[in-house]
Amino acid sequence: MIPYARQSIDQSDIDAVVAVLRSDWLTAGPAIDRFEEMTAAFCGSRFAVSASNATAALHIAMRALDVGPGDWVWTAPNSFLASANCALYCGAQVDFVDIDPRTYNMSAQALRGKLEEAARCGRLPKVVVPVHFAGQPCEMAPIKELAERYGFAIVEDAAHALGATYRDAPIGAGRYADITILSFHPVKIITTGEGGMALTNDAKLAERLRLFRSHGMTRDAALMASAPDGPWYYQQIELGFNYRMTDIHAALGCAQLRRVDDFLARRRALAARYDAALADLDLVTPWQHPDALSAYHLYPIQVPERALVYQALWGRDIRVQVHYIPIHLQPYYRSLGFGPGDFPEAERYYAQALSLPMFADLRESDVDEVAGALREILATIDRRAVTLG
Ligand SMILES: *Cc1c(COP(=O)(O)O)cnc(C)c1O
């Protein structure tokens, strides 16, 4: 069986977790500080705030930016549900910006058009959430220009994109975003089991992220509404959550981050091997924007007769997946008024999308097996079409 994704765990990961279990701190301890420092250093950001998962990190990012009722948040329909749900958690309203048919990322051109219209009817977004789909960065320079012109904040959903670069800067360095969100779910670039991180260069935002991560509580007298009663004193100054990561997870994260360059090199080599092996087939391999270097969380292709191809690959124990069913077509979002035809590029892409197996421990022989299987399946479909025609 070839899964579409899988974590890579070695003895160094196991040893790191065991060491925490034997230590004094299972949560709020030194492994958290170390993981946050290492992630900030790797991504080139000033601050890193860990969280129990990326969905929680997205939620506190929205709250840190004061998103609430009456506000609009825009994201891409070709993403995981959490990119949009985080705004609804805050009582804000969500809208989507259609994708660029070449990168499957939020189209900067579609964003410009939608902003011009929104400016006319006074419904500009407070926050835009570009998603670096499959690990390929969005066109952040034009998106940042629009943010300055129209006054919205940018929260990058970089759940797929740890280690990706845009115009030679790592994703998370904050040149084009106010906050960047990472995920450490087992299918992502590195894993902590469950886990997430919010990166920012803004000290005030980092402070607010930490506040919302832990009940809206502070021990910092400078933030309190009144003078502390004594050294034991804390105050709740916002309605926060318990979204803390544990030291057990963070220790795994540190061990994984020490291996991230190998993971990324491996994914890029496997993607190049797919590119070559699939070049002459009747399918679309993932086009890369010259400004972007992908982390290759996914290797998404577009293939005609996708349902047949999906079935046939599963029949050979090759567990491909589909990323993504456009968020606006989910029943929950339809109940908010969205429907088919709203974002045609995302819908067109979804109709043919198929994510091939991609993870650091995937072998070259697995890539060759997947490519060979695709070649045979497409030939069979062609023959059947000829016979039926
Ligand atoms: C995985 C993922 C998330 C959510 O990450 P969790 O850590 O599972 O909460 C958010 N956005 C995107 C694009 C993702 O792929």
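Whatever order the structure lists ligands and atoms in, that order sets their numbers, starting from 1. Because only heavy atoms are used, hydrogens play no part in the values below, and waters and symmetry mates are left out as well, while side chains stay in.
- Here Phe35 and Phe184 bring their ring centres to under 6.0 angstrom of each other.
- Taking a 4.0 Å cut-off on heavy atoms, Gly195 registers as neighbouring ligand 1.
- Residue Thr55 has at least one heavy-atom neighbour below 4.0 Å for each of these atoms of ligand 1: 4 (C), 6 (P), 9 (O).
- Taking every heavy atom of Tyr324 and a limit of under 4.0 angstrom, the matching atoms of ligand 1 come to 15 (O).
- Geometrically, ligand 1 and Ala54 share a nitrogen or oxygen pair separated by less than 3.5 Å.
- Residue contacts with ligand 1: His297 is excluded, as none of its non-hydrogen atoms falls under 4.0 Å.
- Remark: the Asp275 side chain and the Tyr299 side chain contain an N/O donor-acceptor pair separated by less than 3.5 Å.
- Below 3.5 Å of separation, one finds no N or O of Ser79 facing any N or O of ligand 1.
- Short contacts between ligand 1 and Ser183, defined as distances under 4.0 Å to a heavy atom of the residue, involve ligand atoms 1 (C), 5 (O), 6 (P), 7 (O).
- For the salt bridge (charged side-chain N to carboxylate O under 4.0 Å, His left out) test with Glu36, the passing option among Arg244, Arg213, Arg46 is Arg213; the others fail.
- Under 3.5 Å, the side chains of Thr103 and His289 contain no donor-acceptor pair of N or O atoms.
- Trp287 forms part of no hydrophobic cluster, judged by ILVMFWY side-chain heavy-atom separations under 4.5 Å.
- The protein heavy atom nearest to atom 11 (N) of ligand 1 is Asp157 OD2, 2.7 Å.
- At under 3.5 Å, not a single nitrogen or oxygen of Glu194, backbone or side chain, sits near a nitrogen or oxygen of ligand 1.
- Ligand 1 has no nitrogen or oxygen under 3.5 angstrom from a nitrogen or oxygen of His185.
- A cation-pi contact, defined as under 6.0 Å to the ring centre and within 45° of the axis, links Arg306 to Tyr350.
- With hydrogens left out, the protein atom closest to atom 15 (O) of ligand 1 is His160 NE2, 2.7 Å, a heavy atom.
- The heavy atom nearest to atom 12 (C) of ligand 1, considering only Gly196, Ala159, Ala57, is found in Ala159.
- For the 3.5 Å distance criterion, the side chains of Ser294 and Gln136 fail to qualify, holding no donor opposite an acceptor.
- A cation-pi arrangement is not found for Lys126 relative to Trp72, the charged atom failing to lie both closer than 6.0 Å to the ring centre and inside a 45° cone about the ring normal.
- Of all protein heavy atoms, the one closest to atom 2 (C) of ligand 1 is Lys188 NZ, 2.7 Å.
- Taking every heavy atom of both residues into account, Ile32 and Met245 meet most closely at CD1-O, 3.4 Å.
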